Number of protein chains: 2
Amino acid sequence: MTETPDWIAVDWGTSNVRAWAMTAQGTVLDEAASDKGMGKLAPAEFEPALLDLIGGWGDGPRRVVACGMVGARQGWTEAPYARVPGHPLPTGLTMAPTTTPGLSFGIIPGLCQNDPADVMRGEETKVAGFLALNPGWDGTLLLPGTHPKWISVSAGEIVAFRTSLTGEVFAALSGHTVLRHSVATEQWDDEAFLGGVAEGLARPEALMNRLFAIRAESLLKGLQPSAAKARLSGLLIGADLAGARGWWLGARVALMGAGDLMDTWRAALQAQGVAPEEADATQATLAGLTEAWRRSQ
Amino acid sequence: MTETPDWIAVDWGTSNVRAWAMTAQGTVLDEAASDKGMGKLAPAEFEPALLDLIGGWGDGPRRVVACGMVGARQGWTEAPYARVPGHPLPTGLTMAPTTTPGLSFGIIPGLCQNDPADVMRGEETKVAGFLALNPGWDGTLLLPGTHPKWISVSAGEIVAFRTSLTGEVFAALSGHTVLRHSVATEQWDDEAFLGGVAEGLARPEALMNRLFAIRAESLLKGLQPSAAKARLSGLLIGADLAGARGWWLGARVALMGAGDLMDTWRAALQAQGVAPEEADATQATLAGLTEAWRRSQ
């Protein structure tokens, strides 16, 4: 990189951190990443970790705009939640304390919802970026992940949102219950997945029993690990779809994410007759960080 | 113990093993227990573990009748499942291979159900014992535990049964998801538990979201760990009750178990207007093992 960045975009999550050297026009000059996520750092360790990451990007003034768990209570400094309904970037940045001359580090606040109680940190930036890239878009944004988020967007604002524990429930049940004996495989059975989705959606009240039935079918009927794993995922995503019915039924839906989870959720939605639009999560994050940087000028 | 037992009763589960020195009349002369559960033993290690446990009970012929996971595929020897509907002890014992002169070890087979697929190992003995102690009892037996079992009993037979993963889901979510930060306490909030039961029962389809909401309420509203933990348990038990509605609504219900879990499930059932009868699990196990021993004479 020969050019000095005008500012630096940072997405600092629980497990990883990514940084981009940016021009004022929003062009990416360079990027860097490390596994020094928020979960591994004490407050005093954030600044050194950042400097390790962006050290090669010149030594002039460095203005950073960041989103994600870096602003959590356990992060670098707490960026108090703003409240929905409202714009995804309703307030200014929360500045973290820095000791390096010329370095400023502004954190985009997360959003909270009072009733039902809910929180997000990082997703508000993706929504802001998605809306910057798709002005006037109304509908439901679905962000798959450990904690899938359904986000209702209208007139450039977040109306309401709904987070579920679905992805983390899948990981906990796969790894830490008797089901681990039944689902130990990297393979995936599409048909078993869709069967699980249909069952979870039609009979969410049967979930506690249908989970055990995966084990019973392994023992009695030789249910294959690929089918057991995919059915477990399907049952949980089906249960999530059942609770979120009002968010997707007859609605315009856009999926925003990356990788296999996009395929999984797309298949689950398509089986219900929903043809989701799709958006790239990294693009949206960068666009949202850029939007926050512009607003801070 | 001065008297030599006529036979020995053994309840060999995944985590623990208990043994009782018995007279032909079903009187307990002595008892012993260890933590050498099935999960810790290779097939060849069962006989030495047994001899450690019952070594003090004379050296004449020793006839053992056992129930539980000792008869699983990973146990001492597999005792193939018998099928419901039918008597809880429909077949003879499966004999494990032994090398000690005079030692015989008979295992009570577990039961399976074809559709919906389900299995039990050990609970069939409790049901047999409960019916021996309560001849002619008809209704639903509920055995709380890691895998709660709803067992429909009529005319001395098991008509059908339904196992759920509820207890293990609670442990996995408490220990291995973001909820662990919210539920880390030994305290318990009865009101929060019953609120969770009501919510899980009324809206089982909302579960994936209500689980995350526990975390959100901890962050936003200072939800106390005792309330968070009890609500988590309540939501899961409520979801179980929702799926098992036909098993308890308007039915005669008996709870069979021990300890805190009995209080938990009793409270959940009472809140739905069900006044469950209660039975002691150890008593029922012993009565069931005695019944199996009599039948094997």
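None of these values were measured; they are calculated from a predicted model.
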Leu211(A)/Glu168(B) under side chain to side chain contact (heavy atoms under 4.5 Å, CB included): CA gap, chis, key distance, verdict: CA-CA 10 Å; Leu211(A) 293 174; Glu168(B) 212 174 5; over 6 Å; no
Expected output: side-chain Asn209(A) to main-chain Thr163(B) donor-acceptor under 3.5 Å: yes
Backbone of Ala117(B) reached by a side-chain donor or acceptor of Glu217(A) within 3.5 Å: no
CD/Gln270(A): more than 12 non-hydrogen atoms of other groups inside 6.0 Å: yes
Structural part of Leu219(B) lying under 4.5 Å from a heavy atom of chain A: both
Side chain / backbone / both / neither for Leu236(B) at chain A, heavy atoms under 4.5 Å: both
Inter-residue atom distance Phe212(B).CZ - Asp240(A).CG, 0.5 Å rounding: 12.0 Å
Contacting moiety of Arg210(A), where chain B heavy atoms sit under 4.5 Å: side chain
Side chain, backbone, both or neither of Arg73(B) within contact of chain A (heavy atoms, under 4.5 Å): side chain
Arg215(B) vs Val119(A) side-chain heavy atoms within contact, under 4.5 Å: no
Separation between OG1 of Thr166(A) and CG of Leu207(B), rounded to the nearest 0.5 Å: 9.0 Å
Between Leu173(A), Thr146(A), Thr177(A), the one whose heavy-atom pairs under 4.5 Å with chain B are most numerous: Thr177(A)
Taking every non-hydrogen atom, the tightest pair across Glu205(B) and Arg162(A): O-NH2, 4.3 Å
Nearest non-hydrogen partners of Leu220(A) and Cys112(B), listed with the distance: CD2-CB, 3.6 Å
Note, Met208(B) side chain near Leu165(A) side chain (heavy atom, < 4.5 Å): no
